[in-house]
Amino acid sequence: MHGGLCSSYIEVKSIRIPDRRQMRKMKKRVLVGLASLCLCFIVFHISVSLTSRFPNSAAFSAETREITRGILEITQISEQIQHPPKKSPITCDRTSKHYDLCWINGPTVLDPTTSTFFTLDPTQLPSVERIRPYPRKFEDFIMARIKHLTLTVGLRSPRCKAQHNAPALVFATGGYTGNFWHDFNDGFIPLFITSNTLFPDQDFVIVVSQAPKWWVYKYADLLRIFSKHPIITMGNDTTTHCFPSANLGLITHGFMTINQTLIPHAKTFLHFRRLLDKAYNRRSQAQILLSAPRKPRPRLVLASRNHATGHTIINQVQVVRLMKKVGFDVVVFEPKAYTSLHESYALLNSSHAFVGVHGAALTHSLFLRPGSVFVQVVPIGVDWAANACFGRVAKGLRLEYFEYKIGVKESSLVDKYGTDSLVVKDPFGLQKMGWRAEVMDIYLKEQNVKLDLVRFKGYLKQAFKKAKKFMDNNG
């Protein structure tokens, strides 16, 4: 009988060849029809088997439960065929130890006064996600300072006042913002990675949470390279904004790292530096530099920390004199929070060597031309940080990189703790107990250096040789 039904169905439908849309409908109907036939057969089986096979009540109940379960499963399958579940417009990835990411896959309205993104979807149950879009998820202390942003799906949304045709890329600038190294490590390098990963060759609008006015002003030229649209800062805006979609959070590959294998089109630090060049290498500056006569002595920029906390060169005057004696033209550079990035870039981009003690000011090594010389003076107890913070940058920019690791007698910690102290004798053993704030402060804030001029002179001679060759080839 079943075979006759299938045969007659095929004969009728073979009169006319349906298109793809009709075929999909036809398949659904066939599946629903088969499910219905199975359901009828099961009901018939119940009526026959229960009256003849199981007069015992316990067996009757067990058989009833088993068959009922089968009926429910078939009913659910039939329902899923006719009404497949709809994907939520909000998805989040929280698997990384460094950052969280959330996506709004559809139109959304931002209310900056409540830091909330609204999405209308009458087919979904109301839902809420929250995210702190700052890429230091592993650090509870600093993440507590980052404001939560809320993403909601529901039946209500505020009225849109500013319509945008490009998607939003949303992140926070709280945390360590204000420290020049962190501004790049936690901000602009992750922004570069994220924009090239999620928006390769695509326009987007930058939306920033907790952005101080000075930050927007200081980095305005760099932000304009990432996006042609005005920056939206939540704390200073009361207008509701509409976007076709939104991405919240920044991707990081680790401390001062750009892993080209994880980015479409294999972007590297050299691509990041070209972006910096677009932002800060003004044509007028380039013309001035090119028109000036080539100097016979390589220019060395010494990063000074005389007014900083820790990592000061105690004998800086003697060190500068030694640098000049070796053959360098020396410029002492002590950047401040208000120092123009255009001026800083012009100085480093026109130099041949850069020397300084480990600290945030060495982030200016990003402004050096590939092939120039970079010497990092490494105090005791900060070897790992020296490589993670600046050694990777030097390698990525193809700089001629040297590390001058000071001896115990060159550290001011000897005077405070003595040569037999664990702080001086075995800093790594001490750090194994935990990189607590008080331990970190000893090596990063309490420690200054007094360079051994005889030993340091050998490094300067190597640096001069490389810098002179670079100057002769590149000007």
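Positions are given from 1 along the sequence. These values consider heavy atoms only, across backbone and side chains, with no hydrogens, waters or symmetry-generated copies. Just so we're clear, the structure is a prediction, and the values are computed from it rather than from any experiment.
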Where do Thr114 and Thr150 land on the side chain to side chain contact (heavy atoms under 4.5 Å, CB included) test, with the steps shown first?
-> CA-CA 8 Å; Thr114 60; Thr150 304; over 6 Å; no
Nearest non-hydrogen partners of [X] and [Y], listed with the distance:
{"X": "Phe328", "Y": "Ala467", "result": "CE2-CB, 3.9 Å"}
{"X": "Leu250", "Y": "Leu191", "result": "CD2-CA, 4.0 Å"}
{"X": "Tyr99", "Y": "Pro135", "result": "CB-CA, 4.1 Å"}
{"X": "Leu151", "Y": "Ile90", "result": "CB-CD1, 3.7 Å"}
{"X": "Ala279", "Y": "Ile225", "result": "CB-CG1, 3.7 Å"}
{"X": "Leu262", "Y": "Thr197", "result": "O-OG1, 4.1 Å"}

Step by step, work out the side chain to side chain contact (heavy atoms under 4.5 Å, CB included) result for Leu399 and Phe390.
-> CA-CA 11 Å; Leu399 303 176; Phe390 304 111; over 6 Å; no
Check each of [options] against [X] using the side-chain contact (heavy atoms from CB on, under 4.5 Å) test, and report the only one that passes.
{"X": "Phe272", "options": "Ile258, Val393, Leu397", "result": "Ile258"}
{"X": "His352", "options": "Lys468, Lys466, Arg369", "result": "Arg369"}
{"X": "Val301", "options": "Ser372, Ser344, Ser365, Ser351", "result": "Ser351"}

Does either side chain, that of [X] or that of [Y], offer a donor lying less than 3.5 Å from an acceptor on the other one?
{"X": "His229", "Y": "Asp203", "value": "yes"}
{"X": "Asn185", "Y": "Tyr176", "value": "no"}
{"X": "Asp186", "Y": "Tyr134", "value": "yes"}

Could you name each residue pair satisfying side-chain hydrogen bond (donor to acceptor under 3.5 Å, both in side chains) that touches residues 396-413, not counting sequence neighbours?
-> Gln376-Tyr401, Asp383-Lys405, Tyr401-Glu403, Tyr404-Glu410, Tyr404-Arg455, Glu410-Arg455, Ser411-Gln447
Using side-chain heavy atoms (C-beta onward) and a distance below 4.5 Å, is [X] in contact with [Y]?
{"X": "Val355", "Y": "Phe402", "value": "no"}
{"X": "Leu451", "Y": "Asn315", "value": "yes"}
{"X": "Thr119", "Y": "Ser157", "value": "no"}
{"X": "Phe354", "Y": "Phe367", "value": "no"}
{"X": "Asp100", "Y": "Arg132", "value": "no"}
{"X": "His265", "Y": "Asp201", "value": "yes"}
{"X": "Gln316", "Y": "Leu302", "value": "yes"}
{"X": "Thr152", "Y": "Phe118", "value": "yes"}

Would Phe204 and Phe199 satisfy ring-ring contact (aromatic ring centres under 6.0 Å, His included), going step by step from the backbone distance to the final call?
-> CA-CA 7 Å; Phe204 59 90; Phe199 301 101; 5.1 Å; yes
Measure from the side-chain N and O atoms of [X] to the backbone N and O of [Y], and report whether any donor-acceptor pair falls under 3.5 Å.
{"X": "Thr240", "Y": "Lys161", "answer": "yes"}
{"X": "His311", "Y": "Tyr443", "answer": "yes"}
{"X": "Gln318", "Y": "Leu453", "answer": "no"}
{"X": "Thr312", "Y": "Asn306", "answer": "no"}
{"X": "Asn349", "Y": "Leu368", "answer": "no"}

Say you draw a straight line from [atom1] of [X] to [atom2] of [Y]; how long is it, rounded to the nearest 0.5 Å?
{"X": "Ile142", "Y": "Thr177", "atom1": "CD1", "atom2": "OG1", "value": "9.0 Å"}
{"X": "Leu149", "Y": "Arg130", "atom1": "CG", "atom2": "CZ", "value": "9.5 Å"}
{"X": "Gln124", "Y": "Leu155", "atom1": "CD", "atom2": "CG", "value": "11.0 Å"}
{"X": "Ile131", "Y": "Asp93", "atom1": "CD1", "atom2": "CG", "value": "9.5 Å"}
{"X": "Met471", "Y": "Arg299", "atom1": "CE", "atom2": "CZ", "value": "11.0 Å"}
{"X": "Met256", "Y": "Cys389", "atom1": "CE", "atom2": "SG", "value": "7.5 Å"}

Check the pair Met234 / Val170 against side chain to side chain contact (heavy atoms under 4.5 Å, CB included), numbers first and verdict last.
-> CA-CA 10 Å; Met234 290 191 193; Val170 188; 3.8 Å; yes
If you count the non-hydrogen atoms of other residues, nucleotides and ligands that lie under 6.0 Å from [atom1] in [X], is the total more than 12?
{"X": "Lys336", "atom1": "NZ", "value": "yes"}
{"X": "Tyr338", "atom1": "OH", "value": "no"}
{"X": "Lys218", "atom1": "NZ", "value": "yes"}
{"X": "Lys137", "atom1": "NZ", "value": "yes"}

Listed by chain and number, what are the side chain to side chain contact (heavy atoms under 4.5 Å, CB included) partners of Lys465, not counting sequence neighbours?
-> none
Can you classify the ring geometry of [X] versus [Y] as parallel (below 30°), tilted (30 to 60°) or perpendicular (above 60°)?
{"X": "Phe243", "Y": "His164", "answer": "parallel"}
{"X": "Phe456", "Y": "Tyr459", "answer": "parallel"}
{"X": "His364", "Y": "Phe180", "answer": "parallel"}

Taking 4.0 angstrom as the limit, do Lys469 and Asp472 come out as a salt bridge?
-> no
Determine, stepwise, if the pair Phe188 / Phe192 fulfils ring-ring contact (aromatic ring centres under 6.0 Å, His included).
-> CA-CA 6 Å; Phe188 292 110; Phe192 176 79; over 10 Å; no
Working for side chain to side chain contact (heavy atoms under 4.5 Å, CB included), residues Gln260 and His271 | CA-CA 10 Å; Gln260 62 179 333; His271 293 94; over 6 Å; no
